[in-house]
2 protein chains.
Amino acid sequence: MGKVDFSPIADTTRRAEIVALLRRAILTGQLEPGQKLNELRISEQMRVSRAPLREAMRELVQEGILTSIPYAGTFVIEVTAKDIDDAYSFNKVMDELAIERAWPLRDQRFYDELDRRHEAVKLATRELDTTRQIETALQLHGLIYEWADNSVLLETWQRLTSRLQMYFALHQHARNEPVPAEDVHETYVRLLKGKDMRAAQRHAREHIDLDFEELLSYARGLEQRPSRGA
Amino acid sequence: MGKVDFSPIADTTRRAEIVALLRRAILTGQLEPGQKLNELRISEQMRVSRAPLREAMRELVQEGILTSIPYAGTFVIEVTAKDIDDAYSFNKVMDELAIERAWPLRDQRFYDELDRRHEAVKLATRELDTTRQIETALQLHGLIYEWADNSVLLETWQRLTSRLQMYFALHQHARNEPVPAEDVHETYVRLLKGKDMRAAQRHAREHIDLDFEELLSYARGLEQRPSRGA
DNA sequence: GACAAGCAGATTGTCGACAATCTAACAAGA
DNA sequence: TCTTGTTAGATTGTCGACAATCTGCTTGTC
């Protein structure tokens, strides 16, 4: 028999597709923080009944990017400076852990995948596709979590990723200028291939801090302004 | 005007109550790992239509204690030794982080709350209410997370708690013997009130390891046996 | 007896309609 | 003018029925 390993076939429920659509809309900033999601309107736009839409919304509420108030509505989460601070502060510690766990498990497949994802970021950067750039950068970053061989750690990272992506998208959207062309991940990738684990951890921490300061100042600005309604 | 601060009134949707009911059933082991949840049967038992039940199930799927396969059904998650290992290994690192963050924020209210929750555990222990004992012990443990002033850290803990509670319940259910009468949390509470942070962290780590070994051996046993169907 | 096709029953996914609740505007009274 | 009661409209929550899919059994063929 052939040694083909088939990937699982796609979810064929409307619910799953709705989740993907909504998540994308939120993470790319098409749906703004605080905005209310009108069930009837969205279900009509998607040509879907409210049942699967509502189920999809429940999932995203649990995922942490929507929030629901009974009989009032479901809203995109607000973003405060403290939320961003909390997420990044937490992320830094998780990163150290992930690097520590993944470190002894690095192999050729790891290095190959590292390069592959690095290339994906560079491609998105060249094409000036900011959304894709954020997405690929997070995927590059997530490799250490996938390699750390801890399901809970990985799951926690994936949850956090949603919000990080949203924060970055907001940021990009706000400053609205072309993305830095230079390759900021060069050092990160090189250190992950090297022999000094502490150095890799240190860089991950400092590298994150870099973008972080910019994001924070943006978020602080946000808090002055009133939130947008429906 | 009076200075009463009213707490938010309870969720009055069926969905919220169903979530609570199902979660309780799972975390106490009434619903066993791998077991299928028949929507029609459950909705009839609860005198509720399938719509809110299904929405509740989506929430619990995202919470990580149910798993769903399209057109096949929704099941209580299986518990493997690695799952437990991952959860505890992750929990240990999180504990150190939480203690570190909460440490400088300890105040009288913290100590009072610590005592209050400690008392709750002791009460449940005296009354031989194993379910409540697990619940209160986790709440005692969770105080450092609530005090760490990081929303992401707290949220991650709360998610993890569900599964920890499930693991413990399974364990208790399996060995089926009266709970240890002595107070295993005495030292933990004392150290959290003291001045040596490192000692508190060390104890948290070692204390967890204690129960952990027992749980693991139980989980390894589970894996031999076939999973129960519906 | 082994195997594939097809059928029946059960279960999940989706739909459209109704009930419960909220919001905002307006009117009435102190 | 401020507060309170009322009402209409819109929106969310829930329901019962139908469609799509899966599973296991039966049947027929070799």
Side-chain angles (χ1 to χ4, degrees), chain A residues 1 6 8-23 25-26 31-32 34-62 65-77 226-230, chain B residues 1-2 6-23 25-26 31-32 34-62 65-77 226-230:
Chain A
M1 60 183 81
F6 293 100
I9 64 171
D11 287 333
T12 49
T13 59
R14 298 194 196 289
R15 183 181 69 239
E17 291 189 37
I18 298 172
V19 167
L21 271 177
L22 281 181
R23 186 190 287 120
I26 297 167
L31 288 170
E32 297 180 5
Q35 189 170 345
K36 177 173 175 178
L37 278 67
N38 186 311
E39 297 178 1
L40 194 59
R41 204 166 53 78
I42 294 179
S43 70
E44 280 171 355
Q45 285 181 1
M46 291 189 181
R47 306 286 180 80
V48 169
S49 83
R50 284 174 55 221
L53 172 63
R54 283 174 58 87
E55 290 186 19
M57 281 172 153
R58 286 319 134 220
E59 292 191 20
L60 294 176
V61 166
Q62 286 305 107
I65 59 181
L66 288 182
T67 179
S68 162
I69 303 173
Y71 290 107
T74 305
F75 309 81
V76 179
I77 55 165
S227 77
R228 312 95 163 151
Chain B
M1 58 184 79
F6 293 101
S7 58
I9 65 172
D11 288 334
T12 48
T13 59
R14 298 193 196 289
R15 184 181 67 238
E17 289 189 39
I18 297 172
V19 166
L21 272 177
L22 282 181
R23 186 189 289 122
I26 297 166
L31 289 171
E32 297 180 6
Q35 188 170 345
K36 177 173 176 178
L37 277 66
N38 185 309
E39 297 178 0
L40 195 59
R41 205 166 52 78
I42 294 179
S43 69
E44 279 171 354
Q45 285 181 1
M46 290 189 181
R47 306 287 179 78
V48 168
S49 84
R50 283 173 55 222
L53 172 63
R54 283 174 58 86
E55 291 186 19
M57 282 173 151
R58 286 320 135 217
E59 292 191 21
L60 294 176
V61 167
Q62 287 304 107
I65 59 180
L66 289 182
T67 178
S68 163
I69 303 173
Y71 289 108
T74 305
F75 309 82
V76 179
I77 56 165
S227 75
R228 314 98 164 147

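Every chain is numbered from 1, with letters handed out A, B, ... down the list of sequences.
Closest to the Lys36(A) side chain, of the nucleotides dC15(D), dT14(D), dT11(D), is dT11(D). Of all nucleotides listed (dT14(C), dT12(C), dT12(D)), dT14(C) comes nearest to the side chain of Glu55(A). Nearest to the side chain of Asn38(A), among dT11(D), dT14(D), dC15(D), sits dT11(D). Among the nucleotides dC15(C), dT14(C), dT14(D), the one closest to any side-chain atom of Thr13(A) is dT14(C). The listed nucleotides are dA17(C), dC15(C), dG13(C); the one nearest the side chain of Pro70(B) is dG13(C).
At the phosphate of dT14(C), neither OP1 nor OP2 sits under 4.0 Å from any side-chain N or O atom of Ser49(A).
Rounded to an integer number of Å, the gap from Tyr71(A) OH to dA20(C) C1' is 5 Å. Ile69(A) has its CD1 atom 12 Å from the P atom of dT12(D), to the nearest Å. Taking atom CD of Glu39(B) as the reference point, atom P of dC15(D) lies 14 Å away to the nearest angstrom. Rounded to whole angstrom, the span from the CZ atom of Arg50(A) across to the P atom of dT11(D) amounts to 11 Å. Atom CZ in Arg54(B) sits roughly 14 Å away from atom P in dT11(C) (whole-Å rounding). Atom-to-atom, CZ of Phe75(B) to C1' of dT12(C) comes out at 11 Å; the value is rounded to the nearest Å. Rounding to whole angstrom units, CD of residue Glu44(A) and C1' of dT11(D) are separated by 12 Å. Nucleotide dC15(C) holds its C1' atom 15 Å from the CZ atom of Arg47(A), rounded to whole Å.
Looking at heavy-atom distances under 4.0 Å, Arg15(B) makes contact with sugar-phosphate atoms alone, never a base. If you check every strand for non-hydrogen atoms under 4.0 Å, Leu37(B) touches sugar and phosphate atoms only. Arg14(B) comes within 4.0 angstrom of the backbone, heavy atoms only, and of no base.
Put simply, the side chain of Gln35(B) gets close to the backbone of Glu32(B): a donor and an acceptor are under 3.5 Å apart. Without hydrogens or angle criteria, Lys36(B) side chain to Val76(B) main chain gives no donor-acceptor distance under 3.5 Å.
Residues Arg50(A) and Ser43(A) approach most closely at CG-OG, 3.7 Å, considering heavy atoms. For the residue pair Leu22(B) and Met57(B), the shortest heavy atom distance occurs at CD1-CG, 4.2 Å.
Annotation: side chain of Thr74(B) is not in contact with side chain of Thr67(B) (no heavy-atom distance under 4.5 Å).
Positionally, the nearest nucleotide of DNA chain C for Ala51(A) lies more toward the 5' end than for the other of Ala51(A) and Ala72(A).
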